[in-house]
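Heads up, the thing below is written out as structure tokens.
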Amino acid sequence: MKELPKTYEPKQYEDAIYQKWEESGFFNPDKCIEKGITKADAEPFSIVLPPPNVTGTLHIGHAVMLAIEDIMVRYHRMKGDRTLWIPGTDHAAIATQEKVERKLWDEEKKTRHDLGREAFLKRVEQFAQDSHDRIVNQAKKMGTSMDWSREYYSLDKKRNLAVRKAFKKMYDDGLIYRGDRIVNWDPKMQSNVSDIEVNRKEEKAPFYYFQYGPFVIGTSRPETKFGDKYVVMHPDDKRYAEYKDGDAFECEWINGKIVATIIKDEAVDMAFGTGVMTITPWHDATDFFIAERHKLDKEQVIDFNGNLLSIAGEFAGMHILDARPKIVEKLKEKGLLVKVDEEYMHSIATNSRGGGLIEPQIMKQWWVDVNKTFKIKNSKIDGIENKQEVTLKKVLQHVVRNKNIDILPERFEKSYFNWVDNLLDWCLSRQLWYGHRVPAWYRGDEVYVGVDAPEGDGWEQDSDTLDTWFSAGMFSFTPLGGIDEETDDLKTYHPTSVLETGYDILTFWVVRMILMTTYLREEIPFKTVYLHGLVRDDQGRKMSKSLDNIIDPLDVSQKFGTDAVRLSLVIGSSPGNDSKLSEEKIGSFRNFANKLWNMSRFMLLNINESNINIEKPEVKTLADEWILWCLKDVLCRVTTDLEKFNFSSAGENLRAFTWDDLADWYLEIAKIEGDKSEILNYILNTILKLWHPFMPFVTEQIWTEIYGEHEMLMISRWPIDVSNEDVKKLKDRPFFGASSDVTDPASFGIIQNVITNIRFLRSDYKIDPAKKLNVIISAGDKKDILRENVEVIKKLARLENITIETKIEKPVQSVAFVESGVEVFINLEGVVDFAKEKDRLQKEMKQLSGYVTGLDKKLGNKQFVDNAPTEVVKQEKEKLEEGKSKLKKLAHQLENFS
RNA sequence: GCGCGCCUAGCUCAGUUGGUUAGAGCAUCUCGUUUACACCGAGAGGGUCGGGGGUUCGAAUCCCUCGGCGCGCACCA
């Protein structure tokens, strides 16, 4: 066999390996079927990549997503499933437009209006294209095995057609309507944004109390008050019992006398301020709904640029922020300012994109009605019948409650319901330029909604675009086929198997996907939602440019290798929980990749002839038996873990086997026992497969080194069938795993313990590591097993001579220990410290007798014996027997010192 | 205000329906170049599982309560 270099250098191999995978075509399941790697009727497994926004580059959060999804996909592909992972990118309307607008302003001091719609869109498209190319390149660096031939873009022709069809269908069913409602208007961006796109931040602001007729009202926004002609209080508020709903009174206000009307409404919080408020229905959501309930007038006070309208009189045309102090000053002069609370904390609404201050406005917009009843026609949703009358909200509730869709971790179901149960109508239209155009046309009072423009003259298309989540809501199926065509891809891969994404996007996207898909296709979009957490820095802070704590996945991939980065993102983090990442952590996994490389290097030196299809070899020694048992165990565990989405646990189990059992014990024994060609071949072959989904590059490279250029690990077969009964039984065995075809080699544990204890005493007595010791073992019924492994014990414990008999008395000049019923005496002529030994024995006995007494007491307790399962009682009895026997031997040894 | 999560070794975290003397990695200390690997090996120290109470034969695990940290949603006139 050829010899590997001493150190694994990821940079030397990764690009070439990716190229080899990509050129093979096996990221595409059709090709796998064509080449006989996957059966045509195999179980499908599909994931649609949550498409990164074309706003720049991939960050570490994307890397987590890519790592987890690639693990699933590679595992399923190797398992023989018909596996498809579709890549894509999202136009992210508002985010991308905002980014380009900012760039345009920073670099050229121009606004989008300076360029005009068409020219501006060209700029955005160029930016999006550049981002896209960068993202694709980065995703490939991460080793993702996505089917690039099926790549999609959220704003391409197919997706656009789907959007127009979906809009029309919903409009025809009465689920989409156009109406005047209050929206979150961003004067800076000149668009409305949805509730979830609004950020709230706490801010201290002066809170003014004004005299308003007989009442005192409070506000932090005096500039909205010009149009206030209603004063509202709670119907149960005793302080204002004398006032009746509908009563009118005249009062002095900012620009002279007005007539105000009293309204009683339960929306008023009696405990807040004076319990009385005036309302501004045009510019406040709460006020808007009060006005709706009482059919009150609504009047616009502020224009769409944030300037006051003519109703403000002398303040008209001023920006609200400039006008505010002047208005307060005027009211003060008029003697209407009662007091000012300077310590008032309130939250102000800003646009999460661009940070513009939100100014609520009433506008004509397009909405999805989530409470409108419609009929399901051809239900593919378990628990919903054909012709059943439902609402979008009801379906959203049903599919999760009925477990058609599992959310992992389960606790996020609560967030889901919290959101869905309170769902309001979804505002679809945005006054942005980058995005899917609203497919509506107007001519006078006529409105036309259709997939294409209406015939006839004089029609003008709606200039607005759609919320980016409207198209995103269809991503489980639009990459597989059109909205009303049954493609083979749709039949095979939809519903998709898993939606894997960050928990922060549950409400934005997951809800919308379920809504759109259950309505449009009358089936669920995916079976399982797996939510990962956020990646934070080593101090638990969010990564941000201002903190300068960003870990760029590409940087660290260069530095430590992609495999190390992937492992560091997956191992030690659990679903739905945030995790901390540091270069130190990545470094430790770089070390592991190198360890695996070197283990392979050693194994290759000891394999005579590599055989890619090697079957389980015959065992010759106890160590062989033991390692195969451990391998089978880890095989079952990892498979079970992957099936249950326990990626971290799978990696930890694999690591423990690879490093602790295989490298530190078995490979050392292999050097002693020799002649391990077949078994090493088998083990290496198996662990490379097990590790492949986690660390695809290093495993693929080793595979190539062993089996040559034409063999590819990526499409090799997973070494155990999931239906194997050992895998199934795993969860019933609390402490040890599978072993139907491998003998449980518990006796190897005795060998290990004897060796470890001798090593401990060497260290404790500070004996020169080069010095070889003489040992006598009083072995009882373990005599044969110890004799069989005498060479292993001698070498690993560095012994000169070893004598093993059934029963031998302790030599005086020796230190001793008891292990698994075996007494071991190390001849330490001249160096034995009697006092120390006595002390050590007494200490151990004291600890042990405490343990034994505890067990004795427990077993003497009738309640325990009666109530605990017999299995547990039996275990405790065995432990007691063992403890007592050991105690006896220790006592005997102690006698020698007295 | 409603809801969720977290608090286990110096640090990062496992601990699956309550049942080994509570585990791992990193870090620390001691020793060591035994030809796969110093990105390594051998050994060690380190925890009254946030506090208190309860249920149980038995609690890190279930219940109550208090404390600290974090997050989401709503309200903010």
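This structure is a prediction, so every number in the text was calculated from the model and none was measured. In the text below, chain A, chain B and the rest are named by the order of the sequence lines, each starting its count at 1.
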Pair A:R221 + A:E223: basic N to acidic O under 4.0 Å: yes

Exercise: do A:T756 and A:Q752 side chains pair donor with acceptor under 3.5 Å: no

Residues A:D641, A:R637: salt bridge by 4.0 Å N-O rule: no

Sugar-phosphate only, base, or nothing, as touched by A:T278 at under 4.0 Å among non-hydrogen atoms: sugar-phosphate

Out of B:rA14, B:rC31, B:rA36, whichever nucleotide has its closest atom nearest the side chain of A:P769: B:rC31

Candidates B:rC31, B:rA36, B:rG19 - which lies nearest the side chain of A:V872: B:rG19

N/O donor-acceptor pair, side chain A:K6 with base B:rA38, under 3.5 angstrom: no

Atom-to-atom span, CG of A:N598 to P of B:rU35 - whole angstrom: 14 Å

A:Q847, CD atom: more than 12 neighbouring heavy atoms under 6.0 Å: no

Check: A:T278/A:D228 side-chain N/O donor and acceptor closer than 3.5 Å: yes

For nucleotides 69-76 of chain B, list the nitrogen or oxygen atoms of the protein found under 3.5 Å from its nitrogen or oxygen atoms, one pair per line.
| unit_1 | atom_1 | unit_2 | atom_2 | d |
| --- | --- | --- | --- | --- |
| B:rC76 | OP1 | A:T286 | OG1 | 2.7 |
| B:rC76 | OP2 | A:T286 | OG1 | 3.3 |
| B:rC76 | O2' | A:Y344 | OH | 2.1 |
| B:rC76 | N3 | A:S347 | OG | 2.4 |
| B:rC76 | N4 | A:R200 | NH1 | 3.2 |
| B:rC76 | N4 | A:S347 | OG | 2.1 |

Atom-pair distance (NZ on A:K585; P on B:rA24), nearest Å: 18 Å

Sugar-phosphate only, base, or nothing, as touched by A:K671 at under 4.0 Å among non-hydrogen atoms: base

Between B:rA14 (P) and A:D660 (CG): distance, integer Å: 20 Å

Show the distances under 3.5 angstrom between N or O atoms of the protein and N or O atoms of nucleotides 40-48 of chain B.
| unit_1 | atom_1 | unit_2 | atom_2 | d |
| --- | --- | --- | --- | --- |
| B:rC40 | O3' | A:K595 | NZ | 3.0 |
| B:rG41 | OP1 | A:K595 | NZ | 3.1 |
| B:rG41 | OP1 | A:W659 | NE1 | 2.3 |
| B:rG41 | OP1 | A:D664 | OD1 | 3.4 |
| B:rA42 | O3' | A:R759 | NH1 | 3.3 |
| B:rG43 | O2' | A:S763 | OG | 3.3 |

Polar side-chain contact A:R601-B:rC37 base: donor and acceptor under 3.5 Å: no

What N/O pairs connect the protein and nucleotides 55-58 of chain B at under 3.5 Å? Give each pair on its own line.
| unit_1 | atom_1 | unit_2 | atom_2 | d |
| --- | --- | --- | --- | --- |
| B:rC57 | O2' | A:N861 | ND2 | 3.3 |

Within 6.0 angstrom of A:E410 CD, more than 12 heavy atoms from elsewhere: no

Ring centers of A:Y530, A:F647 separated by less than 6.0 Å: yes

A:E871 CD to B:rU20 P, straight-line distance once rounded to whole Å: 13 Å

Enclosure of A:K836 NZ (heavy-atom neighbours >12, cutoff 6.0 Å): yes

Sugar-phosphate only, base, or nothing, as touched by A:S574 at under 4.0 Å among non-hydrogen atoms: sugar-phosphate

Integer-rounded Å distance: B:rU12 P and A:D537 CG: 11 Å

Over 12 non-hydrogen atoms of neighbours within 6.0 angstrom of CD in A:E882: no

Trace of the side-chain contact (heavy atoms from CB on, under 4.5 Å) decision for A:D764 with A:R840: CA-CA 11 Å; A:D764 198 35; A:R840 198 167 57 79; 4.1 Å; yes

Centroid-centroid distance, A:F215 to A:Y240, less than 6.0 Å: yes

B:rC13 phosphate, OP1 or OP2, under 4.0 Å from A:K580 side-chain N/O: yes

Salt bridge flag under 4.0 Å for residues A:E844 and A:K886: yes

A:Y765 OH to B:rG32 P, straight-line distance once rounded to whole Å: 20 Å

